[in-house]
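Notes to accompany the following structure.
Computed from a predicted model, the values in this text were never measured in an experiment. Chain letters run A, B, ... following the sequence lines, proteins first and then strands; every chain starts at 1.
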Amino acid sequence: MSTQTPSIQTPQAIRGTQDIFGPDAEAFAFVVETFERVRKLYRFRRVEMPVFEKTAVFSRSLGETTDVVSKEMYSFEDRGGESLTLRPEFTAGIARAYLTDGWQQYAPLKVATHGPLFRYERPQKGRYRQFHQIDAEVIGAAEPQADVELLVMADQLLKELGIADGVTLQLNTLGDGASRDAWRAALIDYFRAVKGELSEDSQDRLERNPLRILDSKDPRDKPFTADAPKIDDFLSAEAQDFFAKVTGGLDAAGVEWTRAPALVRGLDYYRHTAFEFVTDRLGAQGTVLGGGRYDGLMEALGGAATPAVGWAAGIERLAMLVGDQYPSTDTEVVVFTELTELENLAISVASAIRAGSPSELAVHADLLISGSPKKRYQKAKASGAWRALSIEGLGGVLGIARLRDLNVESASPVRSRIKAALETRFNIQETEVANAHTWVLVSKK
RNA sequence: GCGACCGUAGCUCAGCUGGUUAGAGCGCCGGUUUGUGGUACCGGAGGUCGGGGGUUCGAACCCCCUCGGUCGCCCCA
């Protein structure tokens with residue numbers, strides 16, 4: 001406890017940033033670890049990307065006039081006067097690298113990454129200014145099988161995270177460029193005819209982004225969205241065939257999906273497949289994983305036309321769904337001694353069992369050698385550790401290590417693992433006294 | 001950018017219609033007690049009541065501004 005009264009003001013954290021700790025941090029780590037494992041199964045190559053780029057990387061790919069560019073990016077000038085932007089997404093930076101680093105030679109290229117992203121938005125449940133995503137992209141593959149590959153991987157990821165229940169895959173196609181333009185024109189005609197009866201927001205959307213009227217939350221719009229023109233009536237034969245191959249592939253892989261004809265993307269470069277894995281357990285932010293095919297993006301960055309498809313998912317949202325259902329991070333053994341003169345022996349024992357023999361069988365151990373020696377047993381018990389290894393004195397030898405149950409919930413076998421680890425450092429004698437396994441630490445090796 | 005609610009010890013909160021030195025539980029530190037045992041008792045550290053201004057004899061409590069939090073709208077790459 002600090003008894004000082006500092007005169008300086010502690011700076012506050014930046015709005016919309018989070019200090020993730022405790023169960024939230026464990027769930028977060030579980031999401032990342034599971035993603036890493038699954039992406040390797042699907043042979044996606046890991047990439048590490050810069051956290052900031054020239055502003056043009058994002059403004060060109062997203063479209064100069066969109067809200068997201070004009071008011072939702074963290075942009076600043078560096079000392080040379082160049083406009084830079086903290087990445088608001090992974091896709092544009094990866095697309096830039098594909099063009100500037102010669103990654104075309106690896107096409108079709110499957111890549112995966114994760115890390116922090118930044119968007120200047122008002123924080124709310126599941127939305128932060130610095131947040132984190134996992135991301136997977138397939139670049140240079142025009143075939144619908146790439147979409148399938150990505151979706152099957154996403155489906156497996158959600159299942160392995162144990163959060164697939166209550167999450168549904170909503171799938172749609174936006175068709176090719178011609179299909180999409182025809183549909184868009186039809187939607188504008190349809191909604192313009194009833195413009196006066198739409199919500200103010202949707203009247204505005206009619207000019208800016210008519211597709212978005214379809215997923216309006218305003219009840220005044222619902223009567224009209226139900227009967228709005230459907231993309232299916234405007235799909236070219238090629239677009240229909242593409243979508244059929246995507247759905248056929250999902251069925252073959254056993255991935256459940258729901259057709260969502262109103263599911264659209266906010267940006268113009270999307271083509272064909274659009275999808276979201278959605279839950280109703282996260283308030284207003286129901287999308288846990290979303291993506292689609294963005295065949296128009298590379299050209300927006302000055303590259304050759306290159307088909308690509310990808311998805312991203314918010315780690316915080318996935319972690320919220322995981323809740324406390326992550327693998328145990330409990331302390332298996334807490335090492336302590338109530339005798340100050342044996343503290344170094346306790347340090348030695350703790351390091352031995354943490355190193356393990358072999359190392360895969362190392363023990364998850366905490367070490368308690370601070371504070372009042374007499375209260376260490378109480379603290380050990382209160383720590384929630386399953387078992388304790390108490391270091392006690394005995395004449396003529398270094399001391400003894402006694403294994404005792406504290407809060408045993410699991411039959412996790414630690415005794416043999418501890419014994420093997422101790423034998424790497426000590427000459428020991430094993431005894432058994434009053435339900436407690438006890439090793440006499442005779443001498444150091 | 002807009003709206004609603006909220007802001008008292010490290011944490012969870014109490015504090016009556018504004019009224020003397022702002023409280024509890026938990027946690028933390030120390031002591032005594034106990035000595036197969038997370039006990040019991042005693043003591044201690046820790047609060048500019050988010051910040052600023054105003055009304056009042058008097059403000060944690062009323063008013064204004066501001067900062068922050070939560071949730072929603074817009075937007076959603």
Do the charged groups of [X] and [Y] touch, with an N to O distance under 4.0 Å?
{"X": "A:D176", "Y": "A:R271", "result": "no"}
{"X": "A:E121", "Y": "A:K71", "result": "no"}
{"X": "A:R45", "Y": "A:E137", "result": "no"}

[X] and [Y]: side-chain donor and acceptor closer than 3.5 Å?
{"X": "A:H114", "Y": "A:Q133", "value": "no"}
{"X": "A:T331", "Y": "A:D366", "value": "no"}
{"X": "A:Q130", "Y": "A:Q18", "value": "no"}
{"X": "A:D135", "Y": "A:T113", "value": "no"}

Figure out the [atom1]/[atom2] separation between [X] and [N], and round it to whole Å.
{"X": "A:K374", "N": "B:U39", "atom1": "NZ", "atom2": "P", "result": "16 Å"}
{"X": "A:Q378", "N": "B:G37", "atom1": "CD", "atom2": "C1'", "result": "8 Å"}
{"X": "A:K381", "N": "B:G27", "atom1": "NZ", "atom2": "P", "result": "16 Å"}
{"X": "A:D204", "N": "B:C2", "atom1": "CG", "atom2": "P", "result": "17 Å"}
{"X": "A:E316", "N": "B:U70", "atom1": "CD", "atom2": "P", "result": "13 Å"}
{"X": "A:K375", "N": "B:G27", "atom1": "NZ", "atom2": "C1'", "result": "13 Å"}

Problem - Plane angle bin for A:Y270 and A:Y294 - parallel if under 30°, tilted between 30 and 60°, otherwise perpendicular - result: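 Perpendicular.
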Mind checking who [N] pairs with, Watson-Crick or G-U wobble, both distances under 3.5 Å?
{"N": "B:C73", "result": "B:G1"}
{"N": "B:A45", "result": "none"}
{"N": "B:U55", "result": "none"}
{"N": "B:A60", "result": "none"}
{"N": "B:A24", "result": "B:U12"}
{"N": "B:G68", "result": "B:C6"}
{"N": "B:U17", "result": "none"}

Taking the [atom1] atom of each, how far is [N] from [M], in whole Å?
{"N": "B:G15", "M": "B:C29", "atom1": "P", "value": "31 Å"}
{"N": "B:G52", "M": "B:A59", "atom1": "C1'", "value": "15 Å"}
{"N": "B:A60", "M": "B:A9", "atom1": "C1'", "value": "14 Å"}
{"N": "B:C74", "M": "B:G27", "atom1": "P", "value": "46 Å"}
{"N": "B:A45", "M": "B:G51", "atom1": "C1'", "value": "26 Å"}
{"N": "B:C62", "M": "B:G25", "atom1": "C1'", "value": "31 Å"}
{"N": "B:C41", "M": "B:C5", "atom1": "C1'", "value": "44 Å"}
{"N": "B:C49", "M": "B:G43", "atom1": "C1'", "value": "26 Å"}

Practice task
For A:E338, answer base if it contacts any base atom (sugar-phosphate contacts may also be present), sugar-phosphate if it contacts only those atoms, and nothing otherwise; contact means non-hydrogen atoms under 4.0 Å.
Solution key: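 Result for A:E338 = base.
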Practice task
Assign A:T287 to base, sugar-phosphate, or nothing according to its heavy-atom contacts below 4.0 angstrom with the strands shown.
Solution key: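 Here A:T287 touches no strand at all.
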Problem - Test side chain to side chain contact (heavy atoms under 4.5 Å, CB included) applied to A:W311 and A:V138, A:I134, A:T91, the passing residue - result: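 Result: among A:V138, A:I134, A:T91, A:I134 is the only option passing the side chain to side chain contact (heavy atoms under 4.5 Å, CB included) with A:W311.
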Practice task
Would you give a per-nucleotide map of nucleotides 72-77 of chain B, 5' to 3', where B means the base has a protein non-hydrogen atom under 4.0 Å away, S means only the sugar-phosphate does, and - means neither?
Solution key: BBBBBB
Problem - Heavy-atom donor-acceptor pair, A:Y377 side-chain to B:G38 base, under 3.5 Å - result: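 A donor-acceptor contact between them is absent.
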Problem - Donor/acceptor link under 3.5 angstrom from A:R404 side chain onto base of B:G37 - result: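 By the distance-only test, yes, there is a pair.
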Practice task
Please step through side chain to side chain donor-acceptor pair (under 3.5 Å) for the pair A:D330 and A:W386, ending with a clear verdict.
Solution key: CA-CA 8 Å; A:D330 292 345; A:W386 295 349; 3.3 Å; yes
Practice task
Using heavy atoms and a sub-4.0 Å distance, could you list which residues of residues 15-25 of chain A are near RNA chain B? By number, please.
Solution key: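 A:R15, A:G16, in order of number.
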Handout entry: A:K379 side-chain N/O to B:C29 phosphate OP1/OP2 under 4.0 Å
Key =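 Yes, within the criterion.
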Handout entry: Nearest heavy-atom neighbours spanning A:A304 and A:M298
Key =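 Shortest heavy-atom separation between A:A304 and A:M298 comes out as O-CB, 3.4 Å.
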